[in-house]
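Heavy atoms only: backbone and side chains are in, while hydrogens, waters and symmetry mates are out.
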Amino acid sequence: MRISGLVGASALTFVLTSGAFAQEASLDLVEPIAEYKIYVSEKLAKLVEDTTAFTDAVKAGEVDKAKELFAPTRLSYEAIEPIAELFSDLDASIDSRADDYEKAEADPEFPGFHRIEYGLWEKNSTEGLAPVADKLLSDVKELEGRIASLTFPPEKVVGGAAVLMEEVAATKISGEEDRYSHTDLWDFRGNFDGARKIVDLVRPLIADKEADFLKTVDANFETVDTTLAKYKDGEGYVTYDKLTDDDRKVLAAAVNTLAEDLSTLRGKLGLD
Amino acid sequence: MSSSDPQRAGGPPSRLTTIALIGAGVLALAGGGAFYLASQRAVRPSEPGTIAVRVGDKSCEPMDLTVPAGRSVFEIENASNRPIEWEILDGVMVVEERENIAPGFRSQLAARLKPGVYDITCGLLSNPRGKLTVTASAHSEAEKVKPPLKAFIGPLSEYKVYRALRSNRMIQAVGALSTAIDAGDMDAAKSAYAAARTVYRHVEAVSGRIADLENAIDPVATYLAGREQDPAFTGFHRIEFGLWHEGSVTGLKPVADKLEADATTLRDRLKAVKFEPVDLAGNAAREARRLAEGPVISGDNLYANDELVEFAAAVDGLEKPVSLLVPLLAEASPEMAKATTDAFAAVRAELGKLSGSDAAPVIYSDVSPDARKALAADLVALADAIDRINPALGLE
């Protein structure tokens, strides 16, 4: 049995408040949504810059350098995933997993970050990766262009905080996402940062009415921070297999609670 | 959508509905095969009217679904042998999705859908997609001609981002202008001036209404008692006067420095401007009329004579807020949406006709009074078209 599947299935919990109590969305949301787009734009500029360096290394056959750049490059992508994955075609070409393809890793259609990750770690080689690298860079640039002209749907922004935590719960806690490189803790960092940014942006709108809620959410973010900090290695993190079972449990509990709590954020802001 | 949605309002008032709880309440962890009891919750029984979708190895069952507009709850069963992601797609855009549904598991997804035809994914990326048709309801029809307030949050946010990015670029361009003036580089100064004016025109519909700053940044000599010699003759046109009329940077450095400081103030003031939904179209229409009555007839750039380039930038600046309303307008009145787009195209065509070629651009002093009137008339027609937007969206 696939353990990862079990995790994903059980961790996804959504609570919606009923319409009768949901408040009306207010124009106070304009400010945080605009700020969020600027945040996303900055992350995308960084993603394009980092992906350029990463794909250059892949194309130059520099396996070690490419391995070093893989996780930090993904950091920006993971932070803005709720918006990045709105474009299904680019999400598939940039970040899909081998499971999405008939012949898994052997499938010639298997693209993007994880195809390169597979080559670098499993084959310790950049052989055949040059076209994949070119495509990845052009997809990332295309993503930047599309997002620049996208009017951000407020419910996707606010709902994004929960989406990020669900992502972690569904595909990250299991170590499934970066299954060849085991750099999952970097992705965690990106997902948490992205979720926290959203909470911080809407915080002024709910600070008075939802003080207890925010306190709980902040405490769980703190738990995640403290736990991740133990595994810090230079600018980044050690490989995922170094995580102790106890810490994995602590992270899983915090992530599940965050996913559940943050799924109520849309309702609290009248966006359900 | 809004809390007045009849499908929601009828529900029990204090209901906390857990809708997408799936499978076991046991959270399995990969580490050493340890199982960890993270969250134990009862599976909520299906809501009445839940739509079942079974995803097999090769396709969905059914492949063709029809639901009414509004809230629908789908229950997706993964009957394939791999974890799947289930998505509702509008073109390439994901409307709603559920990730990582394990083989043999079910997952619920609530979506609030507008009328239209959507794709649904069915497992592997190479599998054919199913079709989801959402039919109009009385409520969805009513929302077309009176979208809820929250439909305007996205457009207002996007316009705020636009103002922020433009005014940042203006600060950069004015900085480059100041540097070029300092270096006595006339060519660089002229091109930096043009770049700064372009972004200034993009936001002028808003900035033009901040009177004190406008008088510092953009006064024209015509309206000053001492004309070009008036001490209040400052800002952009003072620099234009120096670069084009006097052909020198002498005395321009303090003017450029002041303009740079004012550009920073402008960014902060623009950031603080709070727009209501009516302002998106309202402001653009007002600016189109202002251009038609003043600058187009009498000219703004008396020394550089490059009004045609700046008017084109101004039209881009008018179109930004209006374009953000066009998707809503297209639902309320497709004809009106087309009329608006056509009115922009007509102004651009008229500008194109007057502008000459890149190699031989026409200067504005060579544009005849009749030609100016024709351009003004197109701008008034544009303002009229924009003025029809707010009533069509139930905003007045």
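Salt-bridge check for A:Lys156 with B:Glu96: passed, with a basic side-chain N closer than 4.0 Å to an acidic carboxylate O. Salt bridge B:Lys58/A:Glu102: present, at least one basic N to carboxylate O contact under 4.0 Å.
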Go through it in stages, so that I can follow the logic: the residues are B:Glu99 and A:Glu166, the test is side-chain contact (heavy atoms from CB on, under 4.5 Å), and I'd like the CA-CA distance, side-chain angles, deciding distance and then a yes or no.
CA-CA 9 Å; B:Glu99 291 206 5; A:Glu166 285 151 17; over 6 Å; no
Determine whether A:Arg146 and B:Val92 satisfy the following criterion, side-chain contact (heavy atoms from CB on, under 4.5 Å), listing intermediate values before the conclusion.
CA-CA 11 Å; A:Arg146 285 201 211 168; B:Val92 296; 3.6 Å; yes
Please assess B:Val94 against A:Asp91 for the test side-chain contact (heavy atoms from CB on, under 4.5 Å), listing each intermediate value before the final yes or no.
CA-CA 10 Å; B:Val94 177; A:Asp91 186 36; over 6 Å; no
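Heavy-atom distances place both the backbone and the side chain of B:Ile153 under 4.5 Å from chain A. Neither the backbone nor the side chain of A:Thr244 has a heavy atom closer than 4.5 Å to any heavy atom of chain B. Contacts between A:Glu109 and chain B at a heavy-atom distance below 4.5 Å are absent for every atom of the residue. Contact annotation for A:Ala254: neither backbone nor side-chain heavy atoms come within less than 4.5 Å of a heavy atom of chain B. With a 4.5 Å cut-off on non-hydrogen atoms, B:Glu97 touches chain A through its side chain but not through its backbone. For chain B, the nearby parts of A:Leu150 are the backbone and the side chain; heavy atoms of each come within less than 4.5 Å. If you measure heavy-atom distances from B:Leu89 to chain A, the contacts under 4.5 Å come from the side chain alone. At a 4.5 Å heavy-atom cutoff, the contact between A:Phe152 and chain B is made by backbone atoms alone. With a threshold of 4.5 angstrom between heavy atoms, B:Ala151 does not approach chain A through any atom at all. The part of A:Glu35 that comes within reach of chain B is its side chain, from C-beta onward, which places non-hydrogen atoms under 4.5 angstrom from that chain.
Note that the OG atom of A:Ser88 and the CD atom of B:Glu85 stand 9.0 Å from one another [nearest 0.5 Å]. Atom CZ of B:Phe152 sits about 9.5 Å away from atom CG of A:Leu27, to the nearest 0.5 Å. Atom CE in B:Met93 sits 5.0 Å away from atom CG in A:Leu86 (nearest 0.5 Å).
Nearest heavy atoms, A:Ala34 versus B:Ser157: CB-O, 3.6 Å. A:Glu176 approaches B:Asn100 most closely through the heavy-atom pair OE1-ND2, 3.6 Å. The two residues A:Pro154 and B:Lys150 have their closest heavy-atom pair at CG-O, 4.3 Å.
Of the residues considered (B:Glu276, B:Lys160, B:Lys271), B:Lys160 shows the highest number of contacts with chain A, using heavy-atom pairs under 4.5 Å.
The number of heavy atoms from other shown groups lying within 6.0 Å of NZ (B:Lys274) does not exceed 12. Atom NZ of A:Lys242 has more than 12 neighbouring heavy atoms from other residues, nucleotides or ligands inside a 6.0 Å radius.
No side-chain donor-acceptor contact under 3.5 Å links A:Asp100 to the backbone of B:Leu125. Looking only at distances, no side-chain donor or acceptor of A:Thr151 sits under 3.5 Å from a matching main-chain atom of B:Pro155.
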